[in-house]
Q: 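There's a structure below that I have some questions on.
Reminder, nothing fancy here: chain letters follow the sequence lines and each chain counts from 1.
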Amino acid sequence: MSDNTTTRERKHFIEEIIEEDIATGKHDGRVLTRFPPEPNGYLHIGHAKSICLNFGVAQTYGGKTNLRFDDTNPTKEKTEYVDSIKRDVQWLGFEWDGEAKYASDYFGQLYEFAKKLIRDGKAYIDDSTAEEIAEMKGTPTRAGTPSPYYSRTVEENLDLFERMKAGEFPDGAKVLRAKIDMASPNMHMRDPVIYRIKHAHHHRTGDAWCIYPMYDFAHGQSDSIEKITHSICTLEFENHRPLYDWCIENLEIFPSKQYEFARLNVNYTITSKRKLLKLVEDGHVTAWDDPRMPTISGMRRRGYSPASIRNFCDKIGVARRENVIDVSLLEFCVREDLNKIASRVMAVLNPVKVVITNYPEGQLEQLEIGNNPEDENAGTRQVPFSREIYIERDDFMENPPKKFFRLGIGRNVRLKGAYILHCEGVKKNAEGEVEEIYCTYYTDSKSGQDTSGVRAKGTLHWVSVPHAVEAEVRLYDRLFLDESPAGHEDKEYTDFINPNSLKVLDTVYCEPHLKDAQVGTYYQFLRKGYFVLDTDSSEEKLVFNRTVTLRDGWAKKGKKK
RNA sequence: UGACCCAUGGUGUAAUGGUAACACAAAGGUUUUUGGUACCUUCGUUCUAGGUUCGAGUCCUAGUGGGUCAACCA
C-alpha cells in the first residue's frame with residue numbers, strides 16, 4: 001500500500017518539506033501526522049485525499065499518523081459519525097497509531113492553557129454580545145476597535161473564567177478572548193474568541209463542561225500535545241496559521257507546524273458536509289451511504305475498491321493551486337483496478353429470448369468459462385447452456401447498419417464461451433416488438449474447439465433461460481447535471497439534481513453463479529460494466545449496483561453523429 | 001479596495017536556472033471469443049509587460065486574473 005513514492009517518482013511539496021526537515025535533523029527525523037475530522041458528518045472523497053496524504057507521507061518516511069476527532073462543538077457532533085469515520089479510514093486501508101484520540105481528551109489541559117494566557121495578561125473575558133464583537137472587529141480594510149472589557153484585571157478575568165466553567169452564566173453571556181491585535185490586517189488576530197459557553201451535552205465528556213474551546217484554541221494545541229511534526233490542512237486555514245503559531249509560542253509548547261494544500265474539487269460533485277447532509281435530510285438521496293453520494297461509505301456501497309480511491313488520490317497530486325478534477329479520472333481509476341480484480345460473469349439487463357432451433361430440446365451443457373482474462377489465476381467456472389437463452393435486446397437489430405457486429409437476420413454472432421449462432425428470423429407481438437429470435441447454431445463451433453471455419457465479428461453475453469437467476473439492478477448516473485453545482489450565485493446546488501440519477505431494472509437475468517454473490521465481491525457483468533451486490537439484498541432478492549459502465553467505443557461512435 | 005495565497009495543453013500534476021514530461025479527457029488507428037483490456041498516433045506562444053542571465057516555466061518588478069479571511073463553526 002505504500003504505492004506512494006514507489007509508483008510515483010515525483011515528490012509533492014509536502015514531501016519536499018519533510019525531506020528537508022529530515023535532512024536537517026528536525027525532531028530527530030521523526031514524522032508524526034494526524035487526520036483530524038470533526039465528527040459532524042460522513043467522510044467524503046475530499047477527506048480521502050487528506051487521509052491518503054497524511055497517512056501516505058507518514059508511511060513513506062517511516063512515521064505514524066494519529067486519528068484525532070476535533071470534537072469541540074458538542075451541538076454538532078455525534079458518536080454515529082465517530083464510528084463511521086473510523087470504519088471508513090480502516091476500509092481505505094490505513095491504520096492510525098494507538099487509540100483514536102479526541103480534542104475532548106485535552107479539555108482539562110486546554111482549560112489550563114487558557115488560564116496561563118489570562119495570568120500572563122494575554123486573554124480577557126468579554127461580556128459583549130456576538131453582534132457587538134463582530135461590530136468591533138471591523139472589516140478587512142478597517143481596523144477594529146478595542147472591547148470595553150479589554151482592561152479587566154488578571155484577577156477579575158481568572159475569577160470570571162472559573163465562574164464560566166462553573167456554569168454561573170448562560171450561553172453567550174461571556175467569552176474568553178486572546179489579546180492580540182485589533183488592528184491586524186489578519187482578521188483572525190483581532191482578539192479572537194477562544195472559549196465560549198455552551199450548556200450542551202458532549203458526545204464524550206457528557207455534562208462535565210459548559211465551556212468549550214474554539215477551533216483555533218484547540219487544534220494547534222492538540223497537535224502540540226501529541227507532538228505532531230507536520231500538521232497538514234487545507235488552504236482555507238492558511239489565514240489561521242499566524243494564530244496557530246501565536247498560541248504555541250505564547251503557551252511555550254511543542255512547536256508543531258501547519259502546512260496547507262489545496263482541497264479536492266471534482267466536477268459534477270459537491271464535497272461539503274453541510275450540503276451533503278441536506279441531500280440526506282431533504283430526501284434527495286436515501287442516506288449518507290446512498291451509492292450516488294461522494295461519501296466514502298457511498299462509494300464503498302457503489303462498488304469502488306479502496307485501491308481505486310487510493311490510486312485516484314495519488315494521481316490527482318498535492319499542490320497549493322485551486323483545482324477541479326474531472327470525474328472521469330475517478331471513473332478511470334475504478335475501472336483500472338476493477339479490470340484487474342473483478343470476476344467476469346454474465347447477466348442480461350434488458351432481455352429478449354433466443355430459441356436455438358437446431359439445439360435438442362432438454363439438452364444441457366455445462367460450459368467452462370474463464371473468470372478473468374486479466375488474471376490467469378482467477379480460474380474458470382461452469383455455465384449452463386441450453387436451447388433457450390436470453391440476450392440483450394440491444395444486441396439484435398432488424399435492419400442493422402454494416403458496422404453493427406451483433407445479431408441481425410442472416411448474420412452470425414459468437415456467444416461468449418459457447419457457439420456461433422446464425423439468425424434465421426424473429427417473432428413479433430401486436431405492437432411490432434420483437435418477442436423471440438430464432439437462430440441455428442454451428443454444431444462444430446464450440447468455444448475452444450471450433451473447427452467450423454465460420455467467422456463471427458461480435459461476441460455476445462447470454463444467460464440460459466431455465467437456469468436464469470432473477471435480480472434487481474440499480475443503474476446510477478451523476479447526481480448533478482451541472483459541472484459546478486455549488487458554483488452559481490443565483491442558483492442552489494439542489495436546482496441541478498439529476499432526476500434520472502437512479503434507474504431500477506426489476507428483472508435482470510443472471511447466470512446461476514450469482515445466486516451466491518456476496519457483498520464486497522467485485523463483478524464485471526460482461527460487456528455491461530462493474531457491479532456489486534447491494535446491502536439491500538436478501539435471501540429472496542438479489543440487488544446489484546452498477547459501479548461504473550465499461551468504456552464503450554460503440555456508443556461513443558453513435559453519439560458523435 | 002487591506003492581508004495572505006495562487007497562475008504550465010480541455011483537466012490535473014511535474015520539470016528545483018540548461019531539450020516543457022506524465023496521467024486523464026478528446027480524436028484517429030492496431031490487436032481482441034467483452035465494440036472491454038493492451039498498444040500506437042495527434043493535441044502547449046508555460047497569464048501579460050519589463051528586467052537579471054550565455055541561457056528563465058523557474059529569479060526580480062509591475063500589471064492582470066483567480067482564491068481565502070470580517071462564525072461564540074471546523
Q: If you check every side-chain atom of A:Val324, which of B:rU34, B:rU13, B:rG12 has the closest atom?
A: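 Nearest to the side-chain atoms of A:Val324, counting from C-beta on, is B:rG12.
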
Q: The side chain of A:Pro373 lies closest to which of these nucleotides: B:rG67, B:rG36, B:rU33?
A: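 My answer, after comparing the listed nucleotides, is B:rG36.
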
Q: Please state how far atom CG in A:Leu407 lies from atom C1' in B:rG35, giving the value in whole angstrom units.
A: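 So the CG-C1' distance, A:Leu407 to B:rG35, works out to 15 Å.
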
Q: Could you point out which residue of A:Tyr195, A:Tyr106, A:Phe107 forms a ring-ring contact (aromatic ring centres under 6.0 Å, His included) with A:Tyr212?
A: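 Answer after filtering A:Tyr195, A:Tyr106, A:Phe107: A:Phe107.
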
Q: Given B:rG2, B:rC24, B:rG36, which nucleotide is nearest the side-chain atoms of A:Leu329?
A: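 Looking only at side-chain atoms, A:Leu329 lies closest to B:rC24.
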
Q: Expressed as a whole number of Å, how far does the P atom of B:rA27 sit from that of B:rG66?
A: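 Roughly 31 Å separates the two P atoms.
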
Q: Can you see if the side chain of A:Arg551 gets near the phosphate of B:rU37 - specifically, an N or O under 4.0 Å from OP1 or OP2?
A: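 Yes, within the criterion.
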
Q: Roughly how many Å is it from CD in A:Glu511 to C1' in B:rU34, rounded to a whole number?
A: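 One finds 13 Å between C1' of B:rU34 and CD of A:Glu511, rounded.
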
Q: Among A:Glu162, A:Met164, A:Arg163, which residue meets the side chain to side chain contact (heavy atoms under 4.5 Å, CB included) test with A:Leu160?
A: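 Among A:Glu162, A:Met164, A:Arg163, the one that satisfies the side chain to side chain contact (heavy atoms under 4.5 Å, CB included) with A:Leu160 is A:Arg163.
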
Q: Taking atom types as they are modelled, would you say the side chain of A:Arg335 forms a donor-acceptor pair with the base of B:rG36 within the 3.5 Å cutoff?
A: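 It does not, because no donor-acceptor pair links the side chain of A:Arg335 to the base of B:rG36 below 3.5 Å.
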
Q: May I ask you to verify if any side-chain N or O of A:Lys198 is less than 4.0 angstrom from the OP1 or OP2 atom of B:rC73?
A: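 For A:Lys198, the contact criterion (side-chain N or O under 4.0 Å from OP1 or OP2 of B:rC73) is met.
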
Q: Less than 4.0 angstrom from a charged side-chain N to a carboxylate O is my criterion; do A:Glu365 and A:Lys446 meet it?
A: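 Yes.
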
Q: Within this structure, what is the CD-to-C1' distance between A:Gln258 and B:rU68, rounded to whole angstrom?
A: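 About 13 Å, once rounded to whole Å.
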
Q: Please evaluate residues A:Asp105 and A:Phe69 with respect to the criterion side chain to side chain contact (heavy atoms under 4.5 Å, CB included), reporting the C-alpha separation (whole Å), side-chain torsions for both, the decisive distance (0.1 Å), and the verdict.
A: CA-CA 10 Å; A:Asp105 293 340; A:Phe69 291 94; over 6 Å; no

Q: Among B:rA71, B:rC4, B:rG36, find the nucleotide with the atom closest to the side chain of A:Asn339.
A: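 Within the option list, the nearest is B:rG36.
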
Q: Can you find an N or O donor on one side and an acceptor on the other, under 3.5 Å apart, linking the side chain of A:Arg10 with the base of B:rU13?
A: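 Side chain to base: no pair below 3.5 Å.
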
Q: Look at A:Arg320 and B:rU13 and indicate whether a side-chain polar atom (N or O) is within less than 4.0 Å of OP1 or OP2.
A: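 Checking A:Arg320 against B:rU13: no side-chain N or O falls below 4.0 Å of OP1 or OP2.
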
Q: Expressed as a whole number of angstroms, how long is the span from A:His12:NE2 to B:rA15:C1'?
A: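 Going from NE2 in A:His12 over to C1' in B:rA15 covers 17 Å.
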
Q: Which nucleotide, B:rG35, B:rG12, B:rC72, lies nearest any side-chain atom of A:Trp554?
A: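 Of the candidates, B:rG35 comes closest.
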
Q: Does the B:rU34 base have a donor-acceptor partner in the side chain of A:Arg527 within less than 3.5 Å?
A: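 No, the side chain and the base share no sub-3.5 Å donor-acceptor pair.
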
Q: Say you pick atom P in B:rC22 and the same atom in B:rU41; how far apart are they, in whole Å?
A: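 These two P atoms come out 10 Å apart once rounded.
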
Q: B:rA70, B:rC73, B:rU34: which one has an atom nearest the side-chain heavy atoms of A:Met187?
A: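 Nearest nucleotide to the side chain: B:rA70.
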
Q: Counting side-chain heavy atoms from C-beta on, which of B:rC72, B:rG35, B:rU34 comes nearest to A:Arg406?
A: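 Closest nucleotide to the A:Arg406 side chain: B:rG35.
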
Q: Less than 6.0 Å separating the ring centroids of A:Tyr523 and A:Phe531?
A: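 No: the rings miss the under 6.0 Å criterion.
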
Q: Is there a donor on the side chain of A:Asn239 or the base of B:rU68 sitting less than 3.5 Å from an acceptor on the other?
A: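 Answer is yes: a donor-acceptor pair is held.
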
Q: Please pick, from B:rA74, B:rU33, B:rC24, the nucleotide with the shortest atom-to-atom distance to any side-chain atom of A:His240.
A: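 Out of B:rA74, B:rU33, B:rC24, the nucleotide with an atom closest to A:His240's side chain is B:rA74.
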
Q: Rounded to the nearest angstrom, tell me the gap between atom NZ in A:Lys457 and atom P in B:rU32.
A: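 Value for this atom pair: 14 Å.
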
Q: Verify the stacking flag for A:Tyr215 against B:rA74: centroid separation must be under 5.5 angstrom and the ring planes must differ by under 30 degrees.
A: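 According to the criterion (under 5.5 Å, under 30°), no, A:Tyr215 does not stack.
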
Q: Please report the distance, rounded to the nearest Å, between CD in A:Glu336 and P in B:rA25.
A: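 Taking atom P of B:rA25 as the reference, CD of A:Glu336 is at 10 Å.
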
Q: Would you tell me if any nitrogen or oxygen in the side chain of A:Arg274 comes within less than 4.0 Å of OP1 or OP2 on B:rA74?
A: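 No, outside the criterion.
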
Q: Which part of the nucleic acid, if any, lies within reach of A:Gly417 when heavy atoms closer than 4.0 Å are counted: base, sugar-phosphate only, or nothing?
A: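 Base contact - A:Gly417 has a heavy atom under 4.0 Å of at least one base atom.
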
Q: Quantified in whole Å, what is the P atom distance between nucleotide B:rA14 and nucleotide B:rC59?
A: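 Pairwise P distance, B:rA14 against B:rC59, rounds to 14 Å.
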
Q: How close or far is atom P of B:rC72 from atom OH of A:Tyr124, stated in whole angstroms?
A: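 About 12 Å, once rounded to whole Å.
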
Q: Whether the side chain of A:Ser308 engages the backbone of A:Tyr304 through a donor-acceptor N/O pair (distance < 3.5 Å, no angle test) should be reported.
A: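 Side chain of A:Ser308 to backbone of A:Tyr304, a donor-acceptor pair under 3.5 Å: no, none is there.
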
Q: Assess whether one donor atom and one acceptor atom, taken from the side chain of A:Thr141 and the base of B:rU1, lie less than 3.5 Å apart.
A: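 No, no donor-acceptor pair under 3.5 Å.
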
Q: Identify which nucleotide among B:rU34, B:rC24, B:rA74 has an atom closest to any side-chain atom of A:Thr459, counting heavy atoms from C-beta outward.
A: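 Closest nucleotide to the A:Thr459 side chain: B:rU34.
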
Q: Just call it for A:His461: base, sugar-phosphate, or nothing, with non-hydrogen atoms closer than 4.0 Å on any strand.
A: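 Counting heavy atoms under 4.0 Å across all strands, no contact is made by A:His461.
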
Q: Between A:Asp450 and A:Arg414, does any side-chain N to carboxylate O distance fall below 4.0 Å?
A: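 Salt bridge between A:Asp450 and A:Arg414, a charged N being under 4.0 Å from a carboxylate O: yes.
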
Q: Looking at A:Glu260 and A:Arg241, is any side-chain nitrogen of the basic one under 4.0 Å from a carboxylate oxygen of the acidic one?
A: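 Answer for the salt bridge query: yes.
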
Q: Rounded to whole angstroms, how far apart are CG on A:Asn323 and C1' on B:rU68?
A: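 Checked: the CG to C1' distance equals 15 Å.
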
Q: Between B:rC72, B:rA25, B:rG36, spot the one nearest the side chain of A:Val193, thanks.
A: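 Looking only at heavy atoms from C-beta outward on A:Val193, the closest nucleotide is B:rC72.
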
Q: Hey, does the side-chain of A:His188 have a donor or acceptor N/O within less than 3.5 Å of a partner on the base of B:rA71?
A: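 A donor-acceptor contact between them is absent.
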
Q: Looking only at atom P, what distance separates B:rG57 and B:rG51, rounded to whole Å?
A: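 Going atom to atom, P in each nucleotide, I get 15 Å.
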
Q: Consider side chain to side chain contact (heavy atoms under 4.5 Å, CB included). Of A:Ile85, A:Asp88, A:Ile51, which one does A:Pro37 pass it with?
A: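 Answer to the side chain to side chain contact (heavy atoms under 4.5 Å, CB included) test with A:Pro37 among A:Ile85, A:Asp88, A:Ile51: A:Ile85.
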
Q: Considering only NZ, NE, NH1 and NH2 on the basic side and carboxylate oxygens on the acidic side, decide whether A:Glu226 and A:Arg68 come within less than 4.0 Å.
A: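 A:Arg68 and A:Glu226: salt-bridged.
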
Q: Taking the P atom in each of B:rA15 and B:rU33, what is the distance between them to the nearest angstrom?
A: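 44 Å, rounded to whole Å.
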
Q: Taking both distances under 3.5 Å as the test for a Watson-Crick or G-U pair, what stems of at least three pairs does RNA chain B have?
A: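 Result, WC/G-U stems under 3.5 Å: B:2-7 with B:64-69, B:10-13 with B:21-24, B:26-30 with B:38-42, B:47-51 with B:59-63.
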
Q: Examine the base of B:rG36 for any acceptor or donor lying under 3.5 Å from a partner atom in the side chain of A:Glu374, and report the outcome as yes or no.
A: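 Result: at least one qualifying N/O pair found.
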
